[in-house]
Structure formats: C-alpha cells, structure tokens
Amino acid sequence: MSTTKKEVFSRDIIKLKDIDATIDKICKKLKADVNQVLRRQGGVIGVSGGIDSAVTLAIATKAFGPEKLFAVMLPEKDSSPDSKEFAQKICKKFGVKVIEENISGALDGFQCYQRRDEAVKNVIPEFNPATDKMKIGIPTELIKKNLPAVFYVTVIFADGTEKSARLPMAEYLQIVAASNFKQRCRMSMLYYHAEALHYAVLGTPNKHEVQQGFFVKYGDGGADVMPIGNLYKTQVYEIARHLGVPDEIINRTPTTDTYSAEQTQEEFFYQMPFEDMDLLWYGWENEYTPEEVAPAMGLSVEEVIKVFRNFERKMKTTDYLRRAPIHDYPC
Amino acid sequence: MKEKIRNFIAEATFTDAATIKDDTLIFDEGIFDSMGLLGLINFIESEFGVTTNDSELQEENFGSVERIFTFVSQKTAVAS
C-alpha cells in the first residue's frame, strides 16, 4: 500500500517546481526518442505563431540544436496574417530554418472550402463566402445546461452584422470533416519534409489537446513525438517565459485559426479559462474529491461535480481519436 | 412512444435496449454524446414531428427516456 501523502489541493499545485529539471528531462527523452528509438536525424515542426509550436520549437532547439530542426509555416486562405509574422519571429529567435508552404491550393483541390460553405449555406442561406466570415462554437448559455456540446454556426456578414443558427447533425459533420482537411494537409506536408530530410515530425499538442481530444486524427494528431503532450497549458506558458519565447507570442490569445472568423480556443472547445481548466483537470485526474477542489477554485461542490462529469464525458467520447488502428485480428 | 425512443437510443449506441430504463440518465452515464443529442433532435422531429427550440435544449427535456417522452408529449399536445 502506498504511503505517499497527497499534496493539499491549491492554485499552485501544478506550478513547475524545478523548471530547468523539467525542461532537461523533456529534452533528454526527446533526443533519445528521435535518435535512438525512431532513428531519425532531427525534427520537422509546423509553426503557427502560437504558444504551443513556439515552446515545442524552443525545447527542440535545446535538445537537438537549431541545425537539426526544420520549421514549416503552413498558412491557407483563412489563416490570420499575424500567424506568419509570429512564426517567423520565433524561428529567427531560435535560429531555426523556416519555409512557407501555402496549402490553399491543396485545400481547393480537396474542395475543402466548397464543401464547408455548402453546409453553412444549408443553415444560413444568405451566407456569401466571398464577402462574409464564419465560425462554429458552443453558446455559453448552453454549457450551463449539463448537456453535451451542440454547435452553432455564426456568420459575420460584410456589414458587421451577425447571424447564428444551431447546426443539424449532417451540416455539423460536413463542416468539421471539410475543415479537418486543413490539419491533414499540414500533416502530409510535414511528413514530406520529414521524409526528405530523414527527420521525425515533432507534434505540438499540449496535454489538454491530447487528453480532451482537441486535435484532428491524422491531422495535428499525426506526429512521431509530442514533446509537450504531458504539459498543462499554464506549464507551457511557464516554459515559454523561461526559454525566452517573445512576449507577443506569449500574450496572444490562443485561437483555432481554422475558420474565416476569428475564434478563441476557449470559445470553440474548452469553455473556461486555461488557468481554471488546468487546475480542475489536475484535480480530476489525480482523484481529488470535489470537496477538496471547490474551495481553492472558488466554486461550489456541485459546480466541480459538473465539470468533472464533463471531463469524463470528453475523455470517453474522444477515445476514438487517440486510438491507433486496431490490427490484432485473428489469422 | 417510450419504446420507440428507447429503441432509437439502443440502436444508435449499440446498447441492449433492456439496459436503458425510463430513468437512466443517458448523458450522465455516457450512453449518449453530442452526436447522440443531435441524432435525437433529428429523430423526434422525423418520428413525432416535434421541432426543438434552442431554449428547450435542456437536460430536463433530454436527460432520459422518461424526460424525452414527457417533452414530446407536451409539445404534441400543444400542437394539437
């Protein structure tokens, strides 16, 4: 029987105790995995200008040196122009070679935009993709109702007015399936460069993305290693500050950079600030009771129970995304 | 009507209908997820002609076979 005493739950519980030691352990494992296990010479990273790819790049530079890394910017029609500027800045800062591969042509070939816009028009016929912007998300008032997420599409018309409508199943699935071409095109391009260089693809998802299923299977979830896959978002920020990631990148609000209208990750998927989500996830994952967690979070026990239930639901419903192909069939 | 609702849930989730009681909490117990809820909205519309307004998307209306039955019954009664 374990005699280890559990630390009292507090808002500081996931703060990295020895940041240099944590970075060092990640770097050692990353180098061993890429060089010894995968037998690849270095790493290819897709850089978006966001905090996760910036920290992955910073850690990988420490592990391999910049000469063994190759960064790729993968913008498309709907990408924010800021993304390129920030991606270039982080690569310059760490001395990593970066190129741009615009994937809009490939997406046109897959009819990504056409398929997505067709589904939006089924729900909001006035939508004109040439002049209007769109995004999907979950209205905050629905989150409180203890039901699984139901997505709404919002069109922002050229004159600034907005219209939202609930997405029926067929249209929701079509929009998601079409949009996922973006991450899958990026993955294909990263593997092109990785194979051409005999490198591994270094994925950039953090702990929440991996565990809550906020990634596209065989898209941004397609990589050889995920060095920050076990770090909470607030820990990613701690490491970013420690390794000298530029402030503009640290201070940017994380967005999905997937739909033509700007949309934060909190609005699209997480539904609460990262600082709270990290702590609540830690509490749930480490089997703290809602009674232990609630006072530190300033929430009622019932609210924590609701959040824990939602985490459990997310883990279950996204299990499919984390599964490798099932191949243990009888012969 | 309850059996139709139960059978729909069972078929959509590859679950034995006998395990879904009238008061089984289909979302809390992980039987249904987002896709299940969207499918359920489609189902009650096509099967019973009941459309769901945004304000009616509540656990009280969709949380169990019993609640769905009550919700659909009330909506159809109002309509007739």
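Excluded from the calculations below are hydrogen atoms, water molecules and symmetry mates; all remaining heavy atoms, backbone and side chain alike, are included. Order of the sequence lines fixes the chain letters, A, B, ..., with proteins taken first and strands second; residue numbering starts at 1 for each chain.
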Part of N42(B) within contact of chain A (heavy atom distance under 4.5 Å): side chain

Proximal component of N53(B), with respect to chain A [non-hydrogen, under 4.5 Å]: backbone

Any residue meeting salt bridge (Lys or Arg N to Asp or Glu O under 4.0 Å) with E126(A), in chain and number order, not counting sequence neighbours: K163(A)

More than 12 heavy atoms from other groups under 6.0 Å of NZ on K121(A): no

Gap separating the CZ atom of R166(A) from the OG1 atom of T52(B), nearest 0.5 angstrom: 5.5 Å

Approximate separation, where rounding is to 0.5 Å, of T317(A) OG1 and M35(B) CE: 9.5 Å

Heavy atoms of other groups near F43(B) CZ, more than 12 under 6.0 Å: yes

Residue selection (most heavy-atom pairs with chain A, distance under 4.5 Å) from I41(B), L38(B), L37(B): L38(B)

Nearest-0.5 Å distance, OG of residue S34(B) to CZ of residue R313(A): 8.0 Å

Interchain contact, L173(A) with chain B, by part (heavy-atom threshold 4.5 Å): side chain

